[in-house]
Amino acid sequence: MASRRSAPLGAIYFARPVLEVAEAMLGCVVRHGATAGVIVETEAYHDSEAACHAHVGVTPRTHILFGPPGRAYVYRSYGIHALLNAVCEPEGVGAAVLIRALEPLEGIELMRERRGLERVEDLCSGPGKLTQALGIELRENGTSLVDGPVRFGSPVRARPEIEIGAGPRIGITKAADLPWRFAAPGNRSVSRPRL
DNA sequence: CATGGGATTGACT
DNA sequence: GTCAATCCCATGC
């Protein structure tokens, strides 16, 4: 595996069409404090389709989604879990990439403590699991992904090594037919059902 | 102000 | 396979 240094992603990276960013993000690095992981699964959400929180327009909950790209949208799911998104597209468009799974890269012992689990492939194999493992909570909502507590970095692996599969998004009832989920096929850190 | 529904997970049958 | 936990917030009266 060719290894390379992960360079910080600039705000311009997130300003592109959300489907393009969701696919490009596979292989990128997410870091929070001493913990970091490689993105192996994402989903795209856009205000034009009903599954996106921004579909209802600008509200206290969704105003972050319509704000400038390159910020974190973190919300509470099922009253229990914090889910991490990267706000995309130009300001005024409500769109984001949901980070659904990571391959643990750094701080694995700390992740094990936070998750109460040992198996590396169980630490970040779901959107609620990875925020628990990295210690990301609702306080990170609205913070910059460029120079805030949670940061994104470029892929650590050469592009040809990153295989990409697409399929329908998980756990939604509206617009459930759109193939806006992207994942590294066969990667053990991807959530179920794997692509 | 009351209600209801989740972009989930882990435990259990 | 089923199901409960738990809370934010959009919606409607």
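Every heavy atom of this structure was used, including side-chain atoms; hydrogens, water molecules and symmetry mates were not. Below, chain A is the first sequence line, B the second, and so on; all start at residue 1.
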pair R181(A)-S191(A): side-chain heavy atoms closer than 4.5 Å: yes

Note, F66(A) side chain near D47(A) side chain (heavy atom, < 4.5 Å): yes

5' priority, DNA chain C, between H81(A) and L138(A) [closest heavy atom]: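 Upstream on the strand: H81(A).
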
Of N141(A) and Y78(A), the one whose closest DNA chain C nucleotide lies more 5': Y78(A)

Salt bridge R169(A)-E49(A), side-chain N to carboxylate O under 4.0 Å: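 Yes, this pair counts.
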
From CA spacing to verdict: ring-ring contact (aromatic ring centres under 6.0 Å, His included), H53(A), Y45(A): CA-CA 8 Å; H53(A) 292 169; Y45(A) 288 86; 7.4 Å; no

Sequence neighbours excluded, which residues qualify as side chain to side chain contact (heavy atoms under 4.5 Å, CB included) partners of [X]?
X: E20(A); result: R16(A), P17(A)
X: A133(A); result: M111(A), R115(A), C124(A)
X: S6(A); result: V29(A), S154(A), V156(A)

Which parts of [range] get close to DNA chain C, meaning a heavy atom less than 4.0 angstrom away?
range: residues 94-131 of chain A; result: none
range: residues 51-75 of chain A; result: V56(A), T59(A), P60(A), R61(A)
range: residues 165-187 of chain A; result: none

Rounded distance (nearest 0.5 Å) linking atom CD1 of I136(A) with atom CD of Q132(A): 11.5 Å

Distance, nearest 0.5 Å, that separates CZ of R188(A) from CD of E121(A):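 Here the rounded value is 7.5 Å.
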
Watson-Crick or G-U stems involving DNA chain C, each at least 3 pairs long, distances under 3.5 Å, ordered by first number: B:1-6 with C:7-12, B:8-12 with C:1-5

Candidate pair E106(A) and T35(A), rule side chain to side chain donor-acceptor pair (under 3.5 Å), full reasoning: CA-CA 5 Å; E106(A) 291 175 29; T35(A) 53; over 6 Å; no

Pairwise salt bridge (Lys or Arg N to Asp or Glu O under 4.0 Å) hits with a residue in residues 58-71 of chain A, at least two apart: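 Sorted result for residues 58-71 of chain A: empty, none.
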
Touch class at under 4.0 angstrom, heavy-atom based, for I80(A) against every strand present: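 Base contact.
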
Leading and trailing nucleotides of DNA chain B with any atom under 4.0 Å from heavy atoms of chain A: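 Range of nucleotides touched by chain A: dG6(B) to dG10(B).
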
List the atom pairs, donor and acceptor, that lie under 3.5 Å between side-chain atoms in residues 83-93 of chain A and the rest of the protein, sequence neighbours left out.
from, atom 1, to, atom 2, distance (Å)
N85(A), ND2, Y73(A), O, 3.2
E89(A), OE2, V18(A), N, 2.8

Flag, side chain of H63(A) to backbone of V58(A), donor-acceptor distance under 3.5 Å: no

Verdict with supporting geometry, L195(A) and V190(A), side-chain contact (heavy atoms from CB on, under 4.5 Å): CA-CA 8 Å; L195(A) 280 175; V190(A) 172; 5.8 Å; no

Residues R76(A), E137(A); criterion salt bridge (charged side-chain N to carboxylate O under 4.0 Å, His left out); working and verdict: CA-CA 9 Å; R76(A) 173 103 31 234; E137(A) 250 299 335; 3.0 Å; yes

Test applied, side chain to side chain contact (heavy atoms under 4.5 Å, CB included); reference residue, R112(A); option that passes from L117(A), D122(A), V120(A): V120(A)

Cluster check I172(A), L178(A): I/L/V/M/F/W/Y, side chain < 4.5 angstrom: no

Ring pair (Phe, Tyr, Trp, His ring centres under 6.0 Å) involving F152(A) - partner list, sequence neighbours excluded: F14(A)

Where chain A begins and ends its contact with DNA chain C, read 5' to 3' at 4.0 Å from heavy atoms: dA5(C) to dT11(C)

